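Computed from heavy atoms alone, side chains included, the values below leave out hydrogens, waters and symmetry copies. So you know, we letter chains A, B, ... as the sequences are listed, proteins then strands, and number each from 1. No experiment lies behind these values; they were computed from the predicted model shown.
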Amino acid sequence: MLRFLLDRDTWQEVFDSLSKNKLRSILTMVGVWWGILLLIGLLGSARGLENSFNRLFGSFATNSVFVWGQNTGKPFKGFQEGRRVVLSLTDAKKIEENVEGIEFVLPRSQQGKAVTRNFLSGRFQTAGDYPLLDELQKKKLIHGRFINQSDIDNRKKVAVISKGTYEQLFKKDEEVIDQYIEIDDINFKVVGLFENGNVNMGPSTDIHVPFTTFQQVYNRGDQIGWMMITGKPEFDIKQIEEDAKLLLKNINNIHPEDRRAFGSFNLGKEFAKMTGFLTGMQFLTWFVGIATLFAGVFAIGNILLITVKERTKEIGLRRALGATPFEIKRQIVIEAVFITLLAGLFGIITGGWILIALDHFFGQGDDAAIVNASVSIAVVFVAMVILIVLGTLIGLIPAFKATSVKPIEALREE
Amino acid sequence: MLKIHQLHKSYAIGDSSLHVLKGIDLEVESGEMVAIMGSSGSGKSTLLNIIGMLDEADSGEYILDELPIKNLTEKKAAVYRNKFLGFIFQSFNLINYKNALENVALPLYYQGMKRKERQKKALFHLEKVGLANWAEHLPKELSGGQKQRVAIARALAANPKLLLADEPTGALDTKTSYDIMNFIQSLNDEGKTILMVTHEEDIANMCKRIVRLRDGVIMEDKKVNQVRAEQYV
Ligand SMILES: Nc1ncnc2c1ncn2[C@@H]1O[C@H](COP(=O)(O)OP(=O)(O)OP(=O)(O)O)[C@@H](O)[C@H]1O
Ligand SMILES: [Mg+2]
């Protein structure tokens, strides 16, 4: 077999047969080329969209739920209905320790505060935060840094402020890092400036200060504003939300059926809707791509079938001259494999160009609609194999037809 | 050379069957030149195709060169066809995208002969039919007579023991027919055994023996005085 593949005559026959039947060869190649091109183009752009989507939201925080306290809706154990529920650090800790599938629980406190600097002032949403927030909800820092562990440990009076805050409190082009601002009459040193992204999860914040500092200087003790609970990727965030709420009701003496006591926003659920959309789109892409491939192959099949008659006679003649059925089929298979492979390679190359072009026109910058549009080698490989197999099978139709009858049947004119 | 005994062949047509060959007995010696004649539909081609192993008989005996031809695998049949038989068809059956030389070389390709040797041999046979200068031409650039000569060169290429020709002159005008017959006679002079189907008396008389078929049996089988074709060319 190897000798056969290395033999010049084999390829001469392939080349003759393909080049002397130009129309058939070209149509075959166009079909396969188009199929592969479409598959790569579609899959690549779907992947690119998904990438940009994931980048926008950060892959980390999507399996999260925000929980905050409200007023009770049911009397319970001697407590009146309408009691104010305030979450505490203890609650957060209990949840982290007891609910299954928790990655971490991030407590936050936030209040609107009067902020002044020199003669400028304004009211800003100020939050006490942990460094982890930056990972869950990526901050785009223009200058400086976000809150770090040392800030937390030492309860430093430092602040990371938004661009909007800066514009209100500072003069144009004024230095911001290491400048002081007064938040509720307490001086904080600015260590970072960030830009609010276009996607926000939870209420927006103008100024971040270390959580521990916030709790101390504003006398909040154990009380927190809300918590962000993030589940491990393999756990269902809806289940985690339910478990956490039940636990909270338990430790805070709230009726288990009380629906009003806690408010929540399940990011995971919202996100799942959108990923559902993405998955749907990817499925559609696959579907369209494969349908196109099939259409391509069937177009080829049709073309090949049109030439069956002509081909059949040639095969009959070759048999009369001493070709065995095996030799005939082998030749046709190699011909079909060769032409689909060649066209497929063209498709891969031009498909690659399309992805490069997509990247060039839509994939630049941080807000790109398509990020790293690409297809995996495995997918391309599978597509190629499908093509080759189908192309070969269809190529074999006339071969089988012409070798399963007596040579004279194949040779007979009309 | 070849021996046929009580050969039968029917074709199924719908529910009924058409009995085409009804017990043929025929013996051909090496070096003979036989014309098979008969009216249209009398089974001439059927007989020739069975002899050529392009078709199979329903019953009866067929021995070619001391080899019983029965229930051959397609692979074996292909080898025998390649080694023992050369075919000449009425409609030439050249491969239209191959030039004259490549067409002649095709049986040698299936013999597994090396490319160089093959081309040398093919050119030798093209020379023999007087078409060496046309080696690079495609069939569509050749006249009918030239095409048939290429086909003859192809039939000779593998040096077969038996040449089978189904109306080799059927698609040619009289002059070209005699030209081809002249060449076939020279092959027979060199010792090739030749079996041909023909409709034309004058062509049949250029053979050495005429076998007449009617209704699926041999009606007449006689030796004739060969008319040489060269006197007409
Ligand atoms: N494959 C087939 N199926 C059915 N009938 C067939 C088949 N081949 C031949 N026949 C029939 O068998 C009979 C003999 O055919 P054959 O081709 O041997 O005749 P022939 O003597 O060569 O005639 P012609 O001089 O017209 O070529 C004809 O009636 C023909 O219709
Ligand atoms: Mg006939």
Those residues of residues 122-156 of chain B, ordered by number, that approach chain A below 4.5 Å (heavy atom to heavy atom): B/R154
Going by side chain to side chain contact (heavy atoms under 4.5 Å, CB included), name the residues that satisfy it together with B/D166, two or more places apart in sequence or in a different chain. B/S45, B/L48, B/V197
Check: residues 39-46 of chain A side-chain donor-acceptor pairs under 3.5 Å, at least two apart:
unit_1 : atom_1 : unit_2 : atom_2 : d
A/S45  : OG     : A/G41  : O      : 2.5
A/S45  : OG     : A/L42  : O      : 3.4

Please list, in residue-number order, every residue in residues 59-84 of chain B that has a heavy atom less than 4.5 Å from any heavy atom of chain A; write 'none' if there are none. B/E74, B/K75, B/A78, B/R81, B/N82
Any donor-acceptor pair under 3.5 Å linking the side-chain atoms of A/E314 with those of B/Y97? yes
Nearest heavy-atom approach of A/R318 to B/L106 is NH1-CD1, 3.9 Å
Rounded to the nearest 0.5 angstrom, the CD-CG distance for A/E409 and B/D55 is 6.5 Å
Tell me whether the count of non-hydrogen atoms from other residues, nucleotides or ligands lying under 6.0 Å of CD1 in A/I377 goes above 12. no
I'd like to check A/E13 versus B/E102 (side-chain heavy atoms, cut-off strictly below 4.5 Å). Are they in contact? no
Enter the distance from A/Q12:CD to B/R115:CZ here, rounded to the nearest 0.5 Å. 4.5 Å
Out of curiosity, B/F89 CZ to A/L411 CG, how far, rounded to the nearest 0.5 Å? 5.0 Å
Exceeds 12 heavy-atom contacts within 6.0 angstrom, atom CH2 of A/W353: no
Any A/I408 side-chain heavy atom under 4.5 Å of B/E56 side chain: no
Given heavy-atom pairs under 4.5 angstrom as the criterion, report whether the side chain, backbone, both or neither of B/N49 touches chain A. side chain
What is the distance from atom CG of A/L317 to atom CZ of B/F87, rounded to the nearest 0.5 Å? 10.0 Å
Has B/K114 got more than 12 heavy atoms of other residues, nucleotides or ligands less than 6.0 Å from its NZ? no
Could you give me the CA-CA distance, side-chain angles and deciding distance for B/L54 and A/R319, then say whether side chain to side chain contact (heavy atoms under 4.5 Å, CB included) is met? CA-CA 9 Å; B/L54 297 176; A/R319 289 175 70 194; over 6 Å; no
Taking atom CZ as the centre, does A/F15 end up with more than 12 heavy-atom neighbours from other residues, nucleotides or ligands that are less than 6.0 angstrom away? no
